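First comes the structure, then the notes that go with it.
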There are 2 protein chains.
Amino acid sequence: MRYALDHKAQTHQRIVKEASMRFRRDGIGATGLQPLMKALGLTHGGFYAHFKSKDDLVEQALSHALDNVKGITSDVFARQDSLSEFIDLYLSIASRDAEDGGCPLPTMCLELGQRDQPSMTTDKIILHLLEQFDKPLAENGLESKSLPVLSALVGGLALARSAFDEELSQRILDTTREYLKKEIKKSTN
Amino acid sequence: MRYALDHKAQTHQRIVKEASMRFRRDGIGATGLQPLMKALGLTHGGFYAHFKSKDDLVEQALSHALDNVKGITSDVFARQDSLSEFIDLYLSIASRDAEDGGCPLPTMCLELGQRDQPSMTTDKIILHLLEQFDKPLAENGLESKSLPVLSALVGGLALARSAFDEELSQRILDTTREYLKKEIKKSTN
DNA sequence: TGTACATCAGTGAACGCGCGTTCACTGATGTAC
DNA sequence: TGTACATCAGTGAACGCGCGTTCACTGATGTAC
């Protein structure tokens with residue numbers, strides 16, 4: 001054969017990875033298949049040798065994003081002050097400007113709720129994050145705060161991206177971040 | 001003249017109002033001008049007698065949304081327990097399913113940050129809400145919580161809309177809501 | 001060893017569709033003479 | 001009073017464009033005989 005045995009599988013994965021990044025960065029609707037394939041040095045015609053439809057790709061890209069999130073959390077939540085560190089990471093300028101896509105939740109919140117053929121992957125991402133938050137919070141008996149913390153993280157990032165004024169945007173990130181970090185340590189006072 | 005003197009101005013306002021609702025409910029990209037005009041009993045050709053471009057309409061619809069928000073807050077924040085009531089309203093099932101569009105922030109967070117020709121209207125909406133929150137919070141010396149409260153509201157609604165499982169969605173609304181209401185009363189304990 | 005054939009990842013032209021936008025036109029009205 | 005004209009909100013066909021999707025094809029490879 002002209003190609004290595006896993007060549008097609010590798011191409012498949014390259015498409016999923018690039019799509020995952022673009023969906024998170026630009027949204028699903030704003031990501032065209034033609035530019036996506038072109039960015040990988042392929043032509044758009046080959047797309048349907050890999051995926052049943054764009055929706056099929058969305059589903060696989062979401063799964064990839066979930067794996068991504070799991071990779072990050074398994075890193076961060078192995079350490080001390082894990083949640084505090086995660087909050088710093090999540091509400092950073094780099095995260096807001098997310099050239100790499102970042103968390104799928106703030107970007108795709110609208111489109112995820114509107115998909116015709118919904119999947120449980122979004123729920124899995126939410127539940128996975130809550131589960132990670134639970135552990136460090138439970139040490140202080142604060143596990144009931146997992147969900148409010150996640151809400152504030154997602155909302156803070158979404159707002160920081162919406163704001164046009166750079167100073168306001170930073171204030172949103174900073175104030176939300178510092179509040180949350182204080183909040184998760186409160187019972188230790 | 002065939003039409004009343006303010007006929008065109010009225011049509012203009014009808015378009016802005018309908019667009020404002022659709023942009024908030026479906027997003028800007030997912031709202032077509034043709035279906036929008038048809039829903040008002042008009043043909044799409046007439047659109048450009050009222051607006052320079054779709055972007056022009058977006059700007060006017062955002063202004064309309066700001067006025068809308070101001071109307072609601074001037075109602076709610078005149079009363080007792082205003083912020084608590086606002087939180088109940090914001091994180092309700094009706095608000096989540098928002099047939100009327102609801103708050104522009106959770107729906108449009110992505111698109112607002114990506115517009116080519118950005119405007120200050122989003123910032124005005126954010127600042128207006130923060131200002132409203134400040135007053136009742138300041139009574140308890142909690143005005144520093146305005147921003148985290150807004151983040152959690154926006155994020156909670158966005159997450160509740162993203163979740164596929166109805167039970168999870170309700171849990172997001174309920175937990176975030178109860179947490180915030182407890183939080184804004186904390187210093188009175 | 002050499003020719004004929006099967007495989008198959010990827011190619012690129014073409015499809016119908018809805019988008020935002022343009023524009024010549026309609027038709028009911030008020031105005032001029 | 002009656003005809004000719006100007007006004008102007010709204011009409012609807014048409015434009016180019018990018019979208020998701022389809023499909024006949026290419027061309028380098030391994031296999032059969």
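Here is how names work: the chains are called A, B, and so on, in the same order as the sequence lines, proteins then strands, and each is numbered from 1. Here the structure is a predicted model, which means the values were calculated and not measured.
- Atoms CD1 and CE, on B/Ile125 and B/Met108 in that order, are 8.0 Å from each other to the nearest 0.5 Å.
- The side chain of B/Ser53 sits closest to C/dT21 out of C/dT21, D/dG20, D/dC19.
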Quick one, B/Val76 with B/Tyr90, criterion side-chain contact (heavy atoms from CB on, under 4.5 Å). Give me CA distance, side-chain angles, the key distance, then yes/no.
CA-CA 11 Å; B/Val76 173; B/Tyr90 201 98; over 6 Å; no
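- Note on B/Arg177 versus B/Asp174: salt bridge recorded, some NZ/NE/NH1/NH2 to OD/OE distance being below 4.0 Å.
- Note: B/Leu66 CG to B/Thr122 OG1 = 9.5 Å, rounded to the nearest 0.5 Å.
- Rounded to an integer number of Å, the gap from B/His12 NE2 to D/dG10 P is 12 Å.
- Across the protein-nucleic acid pair, B/Leu40 atom CG and D/dT11 atom C1' stand 16 Å apart, rounded to whole Å.
- Scanning all heavy atoms of the two residues, the minimum distance from B/Met37 to B/Thr43 falls at CE-O, 3.4 Å.
- At least one side-chain heavy atom of A/Ser151 sits under 4.5 Å from a side-chain heavy atom of A/Leu147.
- Atoms CG (A/Leu36) and C1' (D/dG20) sit 13 Å apart, rounded to a whole Å.
- The side chain of A/Leu33 sits closest to D/dT21 out of D/dT21, D/dT11, C/dT21.
- In this structure, B/Lys52 places its NZ atom 14 Å from C1' of C/dG20, rounding to the nearest Å.
- With hydrogens and angles ignored, a donor-acceptor pair closer than 3.5 Å exists between the side chain of B/His44 and the base of D/dA13.
- Side-chain N/O atoms of B/Tyr48 include one lying less than 4.0 angstrom from OP1 or OP2 on C/dT21.
- Spacing between atom CG of B/Leu57 and atom P of C/dT21 amounts to 10 Å, rounded to whole angstrom units.
- Considering only side-chain N and O atoms, A/His7 lies under 4.0 angstrom from the phosphate OP1 or OP2 of C/dG10.
- Contact check, B/Thr11 against D/dA9: no side-chain N or O comes under 4.0 Å of OP1 or OP2.
- For residues 19-31 of chain A, proximity to DNA chain D is found at A/Thr31, defined as any non-hydrogen atom under 4.0 angstrom from a strand atom.
- Here the side chain of B/Lys8 pairs a donor or acceptor atom with the backbone of B/Ala49 at under 3.5 angstrom.
- Rounded to a whole Å, the CZ atom of A/Phe47 is 13 Å from the C1' atom of D/dC19.
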Pairing string, 5' to 3', for DNA chain C - Watson-Crick or wobble contacts under 3.5 Å, brackets [ ] where pairs cross, | to another strand
.||||||||||||||||||||||||||||||||
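- Between the CG atom of A/Asp56 and the P atom of D/dG20 there is a distance of 14 Å, given to the nearest Å.
- In summary, A/Glu166 and A/Arg96 engage in a salt bridge, as defined by a charged side-chain N under 4.0 Å from a carboxylate O.
- Along DNA chain C, the nucleotide closest to A/Gly41 and the one closest to B/Lys54 are compared, and the more 5′ of them pairs with A/Gly41.
- Among the heavy atoms of the strands lying under 4.0 Å from A/Gly45 is at least one base atom, whether or not backbone atoms are also near.
- We find that CZ of A/Phe51 is positioned 14 Å from C1' of C/dG10, with the value rounded to whole Å.
- At a threshold of 4.0 Å, the pair B/Lys145-A/Glu183 does not count as salt-bridged, since none of the basic side-chain nitrogens sits closer than that to a carboxylate oxygen.
- In terms of position on DNA chain D, the residue among A/Gln34 and B/Gln34 whose nearest nucleotide sits closer to the 5' end is B/Gln34.
- A distance of 11.0 Å separates CD in A/Glu167 from CD1 in A/Ile172, rounded to the nearest 0.5 Å.
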